[in-house]
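Here the structure is a predicted model, which is why all the values come from computation and not from measurement. Here is how names work: the chains are called A, B, and so on, in the same order as the sequence lines, proteins then strands, and each is numbered from 1.
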Protein chains: 2
Amino acid sequence: MERGSAYHHGNLRETLIEEGIALLAESAGGDISLRQLARRVGVTANATYRHFANKNALLAALAAEGFRRLQEGQGEAVRLADPGQGLREAGLAYLRFAWRHPALFRLMFGPTLNHQGDEELTRVAAASFRALRSAVAVARGVDEEAAGVEGATLRTWGLVHGLSHLMLDGQFGWRAESPLAVAEQALTDAVDGPL
Amino acid sequence: MERGSAYHHGNLRETLIEEGIALLAESAGGDISLRQLARRVGVTANATYRHFANKNALLAALAAEGFRRLQEGQGEAVRLADPGQGLREAGLAYLRFAWRHPALFRLMFGPTLNHQGDEELTRVAAASFRALRSAVAVARGVDEEAAGVEGATLRTWGLVHGLSHLMLDGQFGWRAESPLAVAEQALTDAVDGPL
DNA sequence: ACCCAATGTTGACACTGTGAACTTTGCCTT
DNA sequence: AAGGCAAAGTTCACAGTGTCAACATTGGGT
């Protein structure tokens, strides 16, 4: 029942998510249409309604997959990093993820999805926050529950997140270097120094 | 030719911008339709095309007005602030603007507009950056062109901008306090202290 | 072998952004 | 004051969208 005939009892759901992310990446404006995605997959638009309640639910699934990939990238970055550089590398991974998948990034943190709604989304987003907090704690050499860790995590997250957005919005574009380089420099300066 | 008869040589352009911002504020999803706005103003959808090239141009005008108001709010905050607290107050004004006009804020820094495109938009956005840089310079007691000011401005902007976005995305919602309070606290802690 | 539930399709509807052609209106020139 | 012209607004049309309701197909469990 896995890879047999055309569709019908194939893995439409997974295919939609995969192709949806791909389509999102190709799309200029960052928005995709249900019908376009269905056409690309080779199925009727209404077929998607067997797997997702509506377009928003499908987009939420794309976002959730995005969070999973982001967290994966961050985890790997931390693992490969020199000890003491984990936080910086996690932040850089965040920036690079945003840089490489701008539309998906915007979808993940966007108004399209009401984050209260989808349960999986909030769960996987919370996991991302915990990972960052862990990195902050390690960088400070204290326990994850120590005083000040939560606040520092919030500030770090805010900085990295803001740099990502400004970078994607072309707000660093009028500078000489690549926008990504600008953001990376700003993050590096902030991690070992005052704001 | 200013306030005479119904429309036709009225100030449709201004009206569209004003009502557009209002409609944006009321809209839940943060997106508005041209036709809906036209209906609200009491005019045909195609009439808007006499004043804006297309929907995006209209949205860009809304965003530009948003930048103007944001900058105005920041300026006032700095003016009223205790000396030495100007940077903090400017940042708080930024946060509060985002909190009060979430849809407009998202529009201003969003993928809908290609920021390279609209000339007025880039101009007014750049002015906003300069205002922040000025506040950073004053806070450090150095000249605006001094070394390190540019970088510090970028980091501050990034932090404030990121906190704004996370706040609006409901990422601070699961905490006890109001999301705005969380963001304000994070900003305050960052302004006088390390990251 | 058969039936049923899961999966996919057809047709339809209201809505959207936008182009082309037409109509109205008030100012400027004579 | 008359007239025309350009600016401003309307009508008609079209392709495309998300989504609902009814129908068709299919493969696996009894």
Side-chain angles (χ1 to χ4, degrees), chain A residues 1-21 23-24 26-63 103 107 110-114 117-118, chain B residues 1-21 23-24 26-63 103 107 110-114 117-118:
Chain A
M1 66 126 91
E2 287 290 340
R3 311 231 138 254
S5 57
Y7 277 124
H8 231 209
H9 265 207
N11 38 1
L12 217 200
R13 190 191 159 96
E14 291 177 25
T15 306
L16 281 173
I17 292 180
E18 193 156 346
E19 292 298 317
I21 289 182
L23 185 56
L24 205 54
E26 297 168 15
S27 151
D31 56 339
I32 66 180
S33 102
L34 211 60
R35 293 176 113 115
Q36 188 186 3
L37 175 56
R39 241 176 280 132
R40 178 190 183 114
V41 169
V43 97
T44 299
N46 277 330
T48 66
Y49 282 78
R50 299 289 160 184
H51 301 270
F52 301 97
N54 48 35
K55 186 186 181 183
N56 253 330
L58 166 41
L59 292 181
L62 298 191
L107 179 66
T112 313
L113 287 25
N114 39 353
D118 196 284
Chain B
M1 67 124 94
E2 287 287 342
R3 309 231 141 255
S5 56
Y7 276 122
H8 228 207
H9 267 202
N11 41 359
L12 217 200
R13 192 192 156 97
E14 292 176 24
T15 306
L16 281 173
I17 292 180
E18 193 156 346
E19 292 299 316
I21 289 183
L23 185 56
L24 204 56
E26 298 168 15
S27 149
D31 56 340
I32 67 181
S33 102
L34 212 60
R35 292 175 112 115
Q36 188 185 2
L37 174 55
R39 240 176 282 133
R40 178 190 182 113
V41 170
V43 96
T44 300
N46 277 331
T48 66
Y49 282 79
R50 297 291 161 182
H51 301 270
F52 302 96
N54 48 36
K55 185 185 182 184
N56 253 330
L58 166 40
L59 292 181
L62 298 192
L107 178 66
T112 313
L113 288 23
N114 40 353
D118 195 286

Worksheet item: For A:R13 and C:dT7, what is the distance between atoms CZ and C1' respectively, to the nearest whole Å?
Response: 15 Å

Response to the item:
When rounded to whole Å, the CG to P distance for the pair B:L16 and D:dA8 reads 13 Å

Worksheet item: For B:G30 and B:A103, which heavy atoms make the closest approach, and how far apart are they?
Response: CA-CB, 4.0 Å

Item to complete: Measure the distance from CG on B:L37 to P on C:dC15 and round it to the nearest whole Å.
Response: 17 Å

Discussion item. Whole angstroms only, please: what is the CD-C1' distance between B:Q36 and C:dT18?
Written reply: 18 Å

Worksheet, complete the sentence: Applying side-chain contact (heavy atoms from CB on, under 4.5 Å) to B:N46 and not counting sequence neighbours gives B:T44, B:Y49

Worksheet item: Which parts of residues 46-54 of chain A get close to DNA chain D, meaning a heavy atom less than 4.0 angstrom away?
Response: A:N46, A:Y49, A:R50, A:N54

Practice prompt. Would you mind reading off the distance between A:L34 atom CG and C:dG8 atom C1', rounded to a whole angstrom?
Written response: 14 Å

Item to complete: Give the nucleotide from the list D:dG9, D:dA13, D:dT17 with an atom nearest to the side chain of B:L12.
Response: D:dG9

Worksheet, complete the sentence: By side-chain contact (heavy atoms from CB on, under 4.5 Å), A:A60 pairs with (sequence neighbours left out) A:L113, A:D118, A:L121

Worksheet item: Checking side-chain contact (heavy atoms from CB on, under 4.5 Å) against A:E14, which of A:L16, A:L12, A:N11 comes through?
Response: A:N11

Worksheet item: Over how many whole Å does the gap from A:R35 atom CZ to D:dT17 atom P extend?
Response: 7 Å

Fill in: Distance test, side-chain N/O of B:R39 to OP1/OP2 of C:dT16, below 4.0 Å
yes

Worksheet, complete the sentence: For A:L62 and A:I17 the tightest heavy-atom approach is CD2-O, 3.3 Å

Worksheet, complete the sentence: Those residues at least two apart in sequence (or on a different chain) that pass side-chain contact (heavy atoms from CB on, under 4.5 Å) with B:E19 are B:T15, B:L37, B:R40, B:V41

Worksheet item: To the nearest angstrom, how far is B:N56 atom CG from C:dT18 atom C1'?
Response: 13 Å

Worksheet item: Whole-Å distance between D:dG16 P and A:I32 CD1?
Response: 18 Å

Worksheet item: Can you list every pair that meets salt bridge (charged side-chain N to carboxylate O under 4.0 Å, His left out) and has a residue in residues 47-60 of chain B, with sequence neighbours left out?
Response: none

Worksheet item: Checking all strands, does A:T44 fall into the base, sugar-phosphate, or nothing category for heavy-atom contacts under 4.0 angstrom?
Response: base

